[in-house]
Amino acid sequence: MVNARQAKSAREKAAEMRAEAARQEARRRAIAIVSAVVAVIVVAVGAGIIIQTARHNQQTKVQAATAPPQHLTNGGFFVGKKESKVTIEIWEDFQCPACKNFEELNADQLTKWEADGTVKVEYHPVAILDRMSTTNYSTRALNAAAAVINTTPDSFLKFHTLLFANQPPENGDGLPDSQLIDYAVQAGVKRADVESAITGQKYIGWATKVTEDFSKVKHFTGTPTLVINGTVLSDYAPDKLKAAVEAAAKK
């Protein structure tokens, strides 16, 4: 009887031990499952935070990149007297030979009109001719012009003149950034004020935006494009320009 009772007791203890082991294994598995779920949630939340942060940072970068330089009027660089009756919008590309020709033919007349109050001019440089250089010169020149406008607006016209006077040939390398900086300094800008903006292409986002607006919003197809009091002038020869300005002044 003793042996039978002992054997029974041993079996019961063994059964209890197996049951306890099973319960502990079940608890371990439950804890493991809960821990895994929590870990997944933490990773998901963390990933969401990382993605949101990345998106915010990217948006901030885009906003900063597309921020226009200061000292613009209607998106362009304004020259002249505000009370002038005639407004000439000039859309141009610093790589464009026709734009250079327009400047050579009409710069003196525009200066005279600006001074005597006949016209006010809005210069709208764009960059539609990157394909005509191996270094995206149109965009780099526009970025440099934005840097000049932002820091030393009184130097823009001289810088503008220097770029057209020294316009690089099409299908070449374009002027290097170092030369653009030198011309900015020659125009009266402090090197330290524009060097990093030019080499770092600070305004490339803005340059891209105004160029896209030129074709997609304004639906213009080439440079130079002249708009006189809202009317596009198809011929920029001096006599045609003068006639258009005189007609607009009479209205």
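It should be emphasised that the depicted structure is a prediction, and the values quoted were computed from it without experimental measurement.
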Determine, step by step, whether Thr225 and Phe214 satisfy the side chain to side chain contact (heavy atoms under 4.5 Å, CB included) criterion, reporting the C-alpha distance in whole Å, the side-chain angles of both residues, the deciding distance to 0.1 Å, and the verdict. CA-CA 10 Å; Thr225 292; Phe214 173 78; 4.0 Å; yes

Applying salt bridge (charged side-chain N to carboxylate O under 4.0 Å, His left out) to Lys112 and Asp108, what does each step give before you reach the verdict? CA-CA 6 Å; Lys112 180 178 180 300; Asp108 290 343; over 6 Å; no

Given Val227 and Thr87, is the side chain to side chain contact (heavy atoms under 4.5 Å, CB included) satisfied, shown in steps? CA-CA 8 Å; Val227 182; Thr87 299; over 6 Å; no

Take Arg191 and Ile181, measure what side chain to side chain contact (heavy atoms under 4.5 Å, CB included) needs, and give me the verdict at the end. CA-CA 7 Å; Arg191 183 178 297 272; Ile181 294 169; 3.3 Å; yes

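Lys209 and Asp213 are joined by a salt bridge, as a carboxylate oxygen and a charged side-chain nitrogen come within less than 4.0 angstrom of each other. Under the 4.0 Å criterion applied to side-chain N and carboxylate O atoms, Asp177 and Arg140 are assigned as salt-bridge partners.
Tyr236 and Asn106 are not linked by any side-chain donor-acceptor pair at a separation below 3.5 angstrom, with hydrogens and angles left out of the test. For the 3.5 Å distance criterion, the side chains of Thr223 and Asp93 fail to qualify, holding no donor opposite an acceptor. Of the N and O atoms on the side chains of Thr134 and Asp173, at least one donor lies less than 3.5 Å from an acceptor on the other residue.
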Without placing hydrogens or testing angles, list every side-chain donor-acceptor pair under 3.5 Å for residues 141-164, not counting sequence neighbours.
residue, atom, partner, partner atom, Å
Asn143, OD1, Lys202, N, 3.3
Asn143, OD1, Tyr203, N, 2.6
Asn143, ND2, Ala197, O, 3.1
Asn150, OD1, Gln70, N, 2.9
Asn150, ND2, Tyr203, OH, 2.9
Thr151, OG1, Ala147, O, 3.0
Ser155, OG, Ala187, O, 3.0
Lys158, NZ, Gln186, O, 3.4
His160, NE2, Glu92, OE1, 3.3
His160, NE2, Glu92, OE2, 2.6
Thr161, OG1, Leu157, O, 2.9

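For the pair Thr73 (side chain) and Phe78 (backbone), a donor-acceptor distance under 3.5 Å is absent. The closest donor-acceptor contact from the side chain of Lys85 to the backbone of Ala249 lies under 3.5 Å. Judged purely by atom type and a 3.5 angstrom limit, Gln167 uses its side chain to pair as donor or acceptor with the backbone of Phe94. When atom types are taken as modelled, the side chain of Ser215 and the backbone of His219 share no donor-acceptor pair closer than 3.5 angstrom.
With a 4.5 Å cut-off on side-chain heavy atoms, Val210 and His124 do not count as touching. A heavy-atom distance below 4.5 Å is found between the side chains of Thr211 and Ile128. Looking only at side-chain heavy atoms (C-beta outward), Pro97 and Glu170 come within less than 4.5 Å of each other.
Of all the heavy atoms in Ile228 and Ala244, the pair that sits closest is CD1-CB, 3.6 Å. For the pair Lys81 and Gly117, the tightest heavy-atom approach, listed with the atom from each and the gap, is CD-CA, 4.0 Å.
Both Val79 and Val245 sit in one connected hydrophobic cluster of ILVMFWY residues. Membership requires side-chain heavy atoms under 4.5 Å apart, directly or through other members. Clustering ILVMFWY residues whenever any of their side-chain heavy atoms sit less than 4.5 angstrom apart, transitively, puts Val86 in the very cluster that holds Phe102. Under a hydrophobic-cluster definition in which Ile, Leu, Val, Met, Phe, Trp and Tyr are linked whenever side-chain heavy atoms come within less than 4.5 Å, directly or via other members, Val119 and Leu105 are assigned to the same cluster.
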